[in-house]
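Note on naming: letters A, B, ... go to the chains in the order of the sequence lines (proteins, then strands), and numbering restarts at 1 for each one.
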Protein chains: 2
Amino acid sequence: MKTGADQEVIPSKEECNASVNAIRDALYVLNGKWKLPLIFTLREGPKRFNEIHKVVYGITPKILSKELRELELNGFVVRKVYPTTPVTVIYESTPYSCTLRNVLDELRSWGFQHREKIKQSMRQSETKSLPAEV
Amino acid sequence: MKTGADQEVIPSKEECNASVNAIRDALYVLNGKWKLPLIFTLREGPKRFNEIHKVVYGITPKILSKELRELELNGFVVRKVYPTTPVTVIYESTPYSCTLRNVLDELRSWGFQHREKIKQSMRQSETKSLPAEV
DNA sequence: CCGGATCCGCCTAGATACTG
DNA sequence: CAGTATCTAGGCGGATCCGG
């Protein structure tokens, strides 16, 4: 909340805030249960709605639709409509989605080592700091 | 590429799944509204509960308590209790939290360029693919 | 075939108040 | 000072039905 003149002028606060915002943007784009599976799935090749629906099983059409729309807004996939009867809709991963590579690589390797580390420390004291293994 | 053997080279579903899980672990650890601010704040130096409560303004004691517990479980902070009267509790960032550096760097730079990119494409068609700037 | 619309239940953040 | 206790609200994901 803005209270006007109460700025506690901590020098690096703005920078930190900018970083936090940027990181949050990135996290926001990947959040939720289905974004990753969808990105990975579509990276295997273009697919139709029901193809995706089968491959990423468990997702409902509504959610799939919503997720695809978000991925499209973020430029990760393109939605191509072919005017057949009935229409054919193809979802396709874009080159832009490749810009995620470093991010995803870092997340993956860090996530992997972290799970190992947590499993270690769960030996001496049971904790619940990660979601269950699927 | 494979020379046309009858073996379908299906990019192992297991691998993708493992990647997705690892990435999800990493995202899980950073999720929510307060994890990043807290990590950044504590990286400036050890702090007491109410200090954090003031610096990360907007957070409630309950949430702060919960978030700190999670950060502790993940090994990012240590909670040191000094038996003064009343007790003094110091939260302190650990060396392990530095292992996040690459991840956070990638997320930050990608997030930054992504917001720029989205702002661009919002020129031609208004979209709402990112949370509002704070 | 490709979704949209609607309803619903859960989870969790948040507000507020209180305690050792 | 360093947190808990209790209650509420709302967002998100899911199920199901509907429509172009």
Side-chain angles (χ1 to χ4, degrees), chain A residues 1 3 20 24 27-39 41-42 46-74 77-92 128-132 134, chain B residues 20 24 27-39 41-42 45-74 77-93 128-132 134:
Chain A
M1 291 301 139
T3 56
V20 168
R24 240 205 281 276
L27 293 177
Y28 181 83
V29 155
L30 300 173
N31 80 346
K33 191 172 169 182
W34 303 109
K35 297 276 167 45
L36 273 323
L38 287 175
I39 289 173
T41 296
L42 285 177
K47 286 180 179 55
R48 308 180 52 167
F49 190 87
N50 278 346
E51 279 186 274
I52 307 173
H53 183 239
K54 275 184 297 185
V55 177
V56 186
Y57 213 72
I59 196 171
T60 62
K62 172 191 161 187
I63 303 295
L64 178 54
S65 175
K66 197 199 66 170
E67 299 287 309
L68 286 173
R69 222 176 303 129
E70 291 178 23
L71 291 177
E72 194 189 3
L73 283 179
N74 281 311
V77 305
V78 282
R79 181 176 184 273
K80 295 182 177 173
V81 182
Y82 299 95
T84 54
T85 48
V87 295
T88 304
V89 183
I90 298 288
Y91 293 91
E92 189 173 347
K128 189 72 184 311
S129 48
L130 281 181
V134 186
Chain B
V20 168
R24 239 206 282 276
L27 294 177
Y28 182 82
V29 155
L30 300 173
N31 79 348
K33 189 173 167 183
W34 303 108
K35 297 278 167 42
L36 273 323
L38 288 174
I39 290 173
T41 296
L42 285 177
K47 286 180 179 55
R48 307 179 56 163
F49 189 87
N50 279 344
E51 278 186 276
I52 308 173
H53 182 239
K54 276 184 297 185
V55 177
V56 186
Y57 213 74
I59 196 170
T60 62
K62 174 188 162 188
I63 303 295
L64 177 53
S65 174
K66 198 203 64 173
E67 298 288 308
L68 286 172
R69 221 176 301 129
E70 291 178 25
L71 291 177
E72 193 188 2
L73 284 178
N74 281 312
V77 304
V78 282
R79 179 177 183 273
K80 295 181 177 174
V81 182
Y82 298 95
T84 53
T85 47
V87 294
T88 304
V89 181
I90 298 288
Y91 291 92
E92 189 174 344
S93 180
K128 189 77 183 310
S129 48
L130 281 182
V134 185

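If you take NZ on A:K62 and CD on A:E67, they are separated by 11.0 Å, rounding to the nearest 0.5 Å.
Atom NZ in A:K47 sits roughly 19 Å away from atom C1' in C:dG3 (whole-Å rounding). Counting to the nearest Å, the C1' atom of D:dG13 and the CG atom of A:N31 are 12 Å from each other. Distance, A:I52 CD1 to C:dC2 P: 9 Å, rounded to whole Å. With rounding to whole Å, A:I63 atom CD1 is found 18 Å from C:dC2 atom P. The nearest whole Å value for the distance from the CD1 atom in A:I59 to the P atom in C:dG4 is 13 Å. Atom OH of B:Y57 is separated from atom C1' of C:dG14 by 14 Å (rounded to the nearest Å). Atom CD1 in A:I90 sits roughly 15 Å away from atom C1' in C:dG3 (whole-Å rounding). Here the C1' atom of nucleotide C:dA5 and the CG atom of A:L64 are 16 Å apart, to the nearest Å.
In this model, the phosphate group of D:dC12 is not approached by any side-chain N or O of A:K66 to a distance below 4.0 Å at OP1 or OP2. Between B:S65 and the phosphate of D:dT4, there is a side-chain N or O to OP1/OP2 separation shorter than 4.0 Å. Checking the phosphate oxygens (OP1, OP2) of C:dC2, a side-chain nitrogen or oxygen of A:R48 falls inside 4.0 Å. OP1 and OP2 of C:dC2 both lie 4.0 Å or more from every side-chain N or O belonging to A:R69. In this model, the phosphate group of D:dG3 is not approached by any side-chain N or O of B:N50 to a distance below 4.0 Å at OP1 or OP2.
Residue A:P86 has its side chain nearest to C:dC1 when only C:dG3, D:dA2, C:dC1 are considered. Considering only the side chain of B:P61, D:dG3 comes nearest among C:dA13, C:dG3, D:dG3.
The aromatic rings of A:H53 and A:F49 sit parallel, their planes meeting at an angle under 30°, below the 60° perpendicular limit.
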Check step by step if side-chain contact (heavy atoms from CB on, under 4.5 Å) holds for B:L27 and A:L30. CA-CA 8 Å; B:L27 294 177; A:L30 300 173; 4.0 Å; yes

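In this structure a side-chain-to-backbone donor-acceptor pair under 3.5 Å is missing from A:T88 to A:T84.
Nucleic acid contact class of A:Y82 (heavy atoms, under 4.0 Å, all strands): none.
Taking a cutoff of 4.0 Å between a charged side-chain nitrogen and a carboxylate oxygen, B:K35 and B:E70 qualify as a salt bridge.
One donor-acceptor pair, N or O on each side, does fall under 3.5 Å between the base of C:dT6 and the side chain of A:K62.
Annotation: of the two residues near DNA chain D, A:W34 and A:V87, the 5′-most nearest-nucleotide partner is A:W34.
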